[in-house]
Amino acid sequence: MSYPYQIKSLDAYQKAWKQSVEQPETYWGEVASHFLWRKKWDKTLEWNFKEPNVKWFAGGKLNITENCVDRHLETLGDKPAFIFEPNNPEDRVRVVTYNRLHKRICQVAQMLKNHGVKKGDRVCIYMGMVPELVYAVLGCARIGAIHSVIFGGFSAQSIADRLEDAQAEFIITQDGAYRGEKVIPLKSVIDDALIGNKTVKKVIVYTRTRTPVSMLKGRDLWWEDEMDHAESQVEKNNIVSFPAEEMDAEDPLFILYTSGSTGKPKGVVHTCGGYMVWTGYTFVNVFQYNPGDIHFCTADIGWITGHSYIVYGPLAAGATSIIFEGVPTWPDAGRFWEIVDKYKVNILYTAPTAIRSLMGFGLKPLEGKDLSSLKVLGTVGEPINEEAWHWYDEHIGKKKCPIVDTWWQTETGGILISNLAGVTPAKPAHATLPLPGVQPILVDENGKEVEGNPAAGNLCMKAPWPGILRTTWGDHERCRKTYFSTYENLYFTGDGALRDEEGNYRITGRVDDVLNVSGHRIGTAEVENAINMHADVVESAVVGYPHDIKGQGIYAYVVCQNLHGDESLTRQNILQTVSRIIGPIAKPDKIQFVNGLPKTRSGKIMRRILRKIAEGETQNFGDTSTLLDPNVVNEIAGGKM
Ligand code: WTA
């Protein structure tokens, strides 16, 4: 496999960027022509950011699984698509060749069909990091069902909300998932999520941990039985390949829920054609993937990074990727390095929070590990501080591996701002330059463009790239309001950024009420709602504060009507409540009980002040004259944790 659209020099990058912006239809039409289409598109691009309405390759017909799998069978059939590294390093490693992957996807497709799942139906997937998760995802895509993967760290309540929003009728899950020393009882969480649910008809359960589960007659089915049956059907009918559904480029491929600054998480919708082109294109360009390279992305497939850079991007390129079931610190903090050594990994893509956490263990876990196979390092999910960048460069890359600091979002489908490994220059803590097709601009509070360099402002995009979200599930108006209404005719990212003299972007973090905790997006409003559900809580305010490892920690100010004489127990009760409502990932790091919150006369909480106190500031709160009761501030500052 070769990639005619792979950019190999700085000069070629500049030319590509220019053409992609001046003649987007010509540029992306050419890139897309290297993918497999059953029918060519009628119109390459049609858009406005007003409604918004974005269509790439409209009228084009394809199935993404034919691009990701069938297309490679002739040349790569016996080559590994995935190497599965189980949680326990002593357990059996599994190699999934492209042939095997194809067979399994066809079986899942048959299994779904057997239960009446059709194109456009929503299938919720709640699994651990096992190859069966990829089979499930691609089995859906094969028949045109819309998958919605939910990260294993979300609670039953969160799942219930998502099932309801997506009106999902089908779930694929597993008995339990291994995570280090723990077993997460996934099926049992699903059972709780289904109490009162009226839409879900079938739950398929893959066996991994042999955790006891309750299986309801008529609703719950074992994956193994269903897959065996599907296999015999496929064999009986002598079908070598389960026919892939013909999809329009703009048909939805998946929904992925993500947190915003208000209310409940929203279902970001990506479509088949544009998302495929964008993930395939960015994968080979940013990481400079070459056939035969071993790619290791440490993200979970429950997040967008796993969707785009474990599943779709690498498979579109015929790559070999690692699926790692466990955690970086078990059985010890050398696990990533052991995996790199064991499989001679060439590309390692991870999060700054993981790097910072591993840095904390010193250099001992690196001893005896041969990391010389590494060629490219990547980071994603949050700003990387210079100290972590240099540690990664020096101790992991041995100063010979370019580091790509990739900035993007669930909504963008794939990477938007990043250097291209070894092709365009890196700069510590900077995502650097936009990819072809990406036109960032910085605007001030009033939406006026901040011109010239250096500059600072809110990061927006002027025009669509193929991977941009198309809508939020079931509520297009919400999509318009959230992303396209803050600044007219611009896509607003929610991030602030700086631009240096050379035009390199440095992302400084969210400018809205979204926290980034260990690279996970969490809305402050969501956490507040969860805390407020605890019986003793009157009200609360949540802010982020700088955290050495997580990047940001969650700081909650809570007004309680009754502490029952036991602050510590009440604190734990609140944590328990948040765990139950959202999931353990949203548990506050600090809870401070206060008598009141600093509010303006119009009743708005002054978060600016709470943020300062959480950061350790005890005075200099700026203008507090609009506060209803300025004394509240001193009281809170005096009681800081
Ligand atoms: C942040 C993850 C700085 C940013 C792919 C964005 C980053 C949010 C970077 C999206 C980076 C992601 N440097 N910040 N390289 N990458 N972010 O949707 O605030 O989980 O808006 O997508 O993560 O998080 P999401």
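Each ligand, and each atom within it, is numbered from 1 in the order the structure gives.
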### Query
So which of Arg510, His520, Glu382 gets nearest to atom 14 (N) of ligand 1, if we judge by its closest heavy atom?
Glu382
### Query
Any side-chain heavy-atom pair from Tyr555 and Asp589 closer than 4.5 angstrom?
no
### Task
For Asp405, take its heavy atoms, then give the atoms of ligand 1 lying under 4.0 Å from any of them.
11 (C), 13 (N), 15 (N)
### Query
Would you call Glu477-Lys266 a salt bridge at under 4.0 Å N-O?
no
### Message
Looking only at protein heavy atoms, which one is nearest to atom 23 (O) of ligand 1, and what is the separation?
### Response
Gly381 O, 3.1 Å
### Message
With ring pair (Phe, Tyr, Trp, His ring centres under 6.0 Å) as the test, pick out the partner of Phe484 among Trp47, Tyr491, Phe492.
### Response
Tyr491
### Query
Does Ala431 reach ligand 1, in the sense of a heavy atom lying below 4.0 Å from it?
no
### Query
What atoms of ligand 1 come closer than 4.0 angstrom to any heavy atom of Thr406?
9 (C), 11 (C), 15 (N), 16 (N)
## Note on the structure
ligand 1 atoms nearer than 4.0 angstrom to some heavy atom of Asp495 are 4 (C), 6 (C), 19 (O), 21 (O)
### Query
Near Ile507, which atoms of ligand 1 are under 4.0 Å from a heavy atom of that residue?
3 (C), 14 (N)
### Task
Give the numbers and elements of all ligand 1 atoms closer than 4.0 Å to a heavy atom of Val380.
5 (C)
#### Entry: Whether Trp303 lies under 4.0 Å from ligand 1, heavy atom
no
#### Entry: ligand 1 N/O within reach of Gln409 N/O, cut-off under 3.5 Å
yes
### Message
Could you measure the distance from the OG atom of Ser158 to the OH atom of Tyr126? Nearest 0.5 Å is fine.
### Response
8.5 Å
### Message
When you compare ligand 1 with Thr258, is there at least one nitrogen or oxygen pair between them that comes in under 3.5 angstrom?
### Response
no
### Query
Starting from atom 24 (O) of ligand 1, which protein heavy atom do you reach first, and at what distance in Å?
Arg521 CD, 3.1 Å
### Query
Is there a donor-acceptor contact under 3.5 Å from the side chain of Trp56 to the main chain of Trp465?
yes
### Query
Hey, does the Lys NZ or Arg CZ of Lys590 hover above the aromatic six-ring of Tyr545, less than 6.0 Å from the centre and inside 45° of the axis?
yes
### Query
Do Ile146 and Leu253 touch side chain to side chain, with heavy atoms closer than 4.5 Å?
no
### Message
If the cut-off is 4.0 Å to any non-hydrogen atom of Asn516, which atoms of ligand 1 fall inside it?
### Response
1 (C), 23 (O)
### Query
Can you check whether Thr410 has an N/O within less than 3.5 Å of an N/O in ligand 1?
yes
## Note on the structure
Residue, atom and distance of the protein heavy atom nearest atom 10 (C) of ligand 1 read Trp408 O, 3.6 Å
### Message
For Thr329, is there any backbone N or O sitting under 3.5 Å from a side-chain donor or acceptor partner on Arg335?
### Response
no
### Task
May I ask you to decide whether Glu382 forms a salt bridge with Arg356, counting only side-chain N to carboxylate O separations under 4.0 Å?
yes
### Task
Output yes when Lys427 and Asp500 qualify as a salt bridge under the 4.0 Å nitrogen-oxygen rule, no when they do not.
yes
### Summary
One should read off an interatomic distance between Asp513 CG and Glu528 CD, to the nearest 0.5 angstrom, of 8.0 Å
#### Entry: Proximal ligand 1 atoms for Ile304, defined as those under 4.0 Å from one of its heavy atoms
5 (C), 22 (O)
## Note on the structure
Thr305 heavy atoms within 4.0 Å reach ligand 1 at atoms 5 (C)
